[in-house]
Amino acid sequence: MHVTTDANADAPWLIAGLGNPGPEYAMNRHNVGFMVADLLAQRIGGKFKRAAKAQAQVVEGRIGAPGPASRRVILVKPMSYMNVSGGPVTALRDFYKVPTEHIVAVHDELDIDYGMLRLKLGGGDNGHNGLKSMTKAMGPDYHRVRFGIGRPPGRMQVADFVLKDFASAERKELDYFVDRAADAVEALIIEGLERTQSTYNS
């Protein structure tokens, strides 16, 4: 496996799954970032715990095969609401001394078909309140794993659409798509952005 190299290779990575706290939001389209973070936590054998330094839940662990390819990661689920995600993420970035280019936001994306992925570094927020808050707090130069949820049907308002649960037809494939998004996060950290884009950007 190709291993990415950069000046901050030994610095940890912070993976922020974006969503809203509380059981009433758990299966919302807006919470797909939490779903991916939960799966990554399972894969590294950790359980989310309340962070001492921020309004968030965190898991620390390693991704990649043991040895030089292994990378230290901090998985984060902000326990603020989506539109103020930037505060907890920035506090944990500072606490763990994570360079901004080692931060990954995993989030829902309206302008991509359901289940499709796009990875990129930097850019705008496209009206996403979680990204808007993160960019305001730390600038735009972090990675994004954008999980497509498609556009709302008919005249449904965007706010209503993202805060609804995935439809029953969508749920049949949701586990597969969440699994693929988790694979993409791991590949981004181990193999670098360009290689991962060529594999996962659909």
**Asked** Please walk me through it: do His128 and Met82 pass side chain to side chain contact (heavy atoms under 4.5 Å, CB included)?
**Response** CA-CA 9 Å; His128 192 286; Met82 178 70 86; 3.6 Å; yes
**Asked** Which is it for Arg72 and Tyr96 under the side chain to side chain contact (heavy atoms under 4.5 Å, CB included) test, yes or no, and what are the steps along the way?
**Response** CA-CA 11 Å; Arg72 182 181 171 214; Tyr96 287 104; 3.6 Å; yes
**Request:** For Glu109 and Arg118, run side chain to side chain contact (heavy atoms under 4.5 Å, CB included): C-alpha distance rounded to whole Å, both residues' side-chain angles, the deciding distance at 0.1 Å, then the answer.
**Result:** CA-CA 9 Å; Glu109 178 60 63; Arg118 295 276 195 287; over 6 Å; no
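Counting only N and O atoms by type, the side chains of Asn28 and Asn20 include no donor and acceptor under 3.5 Å apart.
Within the 3.5 Å criterion, the main-chain N or O of Met27 finds no donor-acceptor partner in the side chain of Arg171. With His30 contributing its side chain and Leu163 its backbone, the two residues share no donor-acceptor pair below 3.5 Å. Looking only at distances, no side-chain donor or acceptor of Asp141 sits under 3.5 Å from a matching main-chain atom of Leu121. With hydrogens and angles disregarded, a donor-acceptor distance shorter than 3.5 Å links the side chain of Gln197 to the backbone of Leu119. With hydrogens and angles ignored, the 3.5 Å screen pairs no side-chain donor or acceptor of Ser85 with any backbone N or O of Gly130. At distances below 3.5 Å, not a single donor-acceptor pair connects side-chain atoms of His107 with backbone N or O atoms of Phe147. Not one N or O on the side chain of Ser70 forms a donor-acceptor pair closer than 3.5 Å with the backbone of Gly67.
By the 6.0 Å contact criterion, NZ on Lys120 is enclosed, its count of non-hydrogen atoms from other residues, nucleotides or ligands being greater than 12. When the shell of 6.0 Å around CD of Glu24 is examined, it contains more than 12 heavy atoms from other residues, nucleotides or ligands. Shown here is Glu60, whose CD atom has more than 12 heavy atoms of other residues, nucleotides or ligands within 6.0 Å.
Taking 4.5 Å as the limit, every side-chain heavy atom of Arg93 sits out of range of all side-chain heavy atoms of His102. At least one side-chain heavy atom of Leu110 sits under 4.5 Å from a side-chain heavy atom of Val162. With a 4.5 Å cut-off on side-chain heavy atoms, Ile15 and Ile63 count as touching. Annotation: side chain of Gln55 is not in contact with side chain of Val84 (no heavy-atom distance under 4.5 Å).
Here Arg43 pairs with Asp179 in a salt bridge; the nearest charged N to carboxylate O distance falls below 4.0 Å.
Remark: Arg180 is not positioned above the aromatic ring of Tyr176, lacking an NZ or CZ atom under 6.0 angstrom from the ring centre and at most 45 degrees off the axis.
Considering only residues two or more places apart in sequence or on other chains, Phe161 meets the ring pair (Phe, Tyr, Trp, His ring centres under 6.0 Å) condition with none of them. The ring pair (Phe, Tyr, Trp, His ring centres under 6.0 Å) check on Tyr200 picks up nothing, with sequence neighbours excluded.
If you run side chain to side chain contact (heavy atoms under 4.5 Å, CB included) between Leu14 and each of Leu92, Thr100, Leu75, only Leu92 comes through.
Relative orientation of the Phe166 and Tyr114 rings is tilted, given thresholds of 30° and 60° on the angle between their planes.
Counting only residues at least two apart or in different chains, side chain to side chain donor-acceptor pair (under 3.5 Å) contacts with residues 74-83 comprise Asp38-Lys77.
No chain of hydrophobic side-chain contacts below 4.5 Å, direct or via other Ile, Leu, Val, Met, Phe, Trp or Tyr residues, connects Tyr142 to Leu40.
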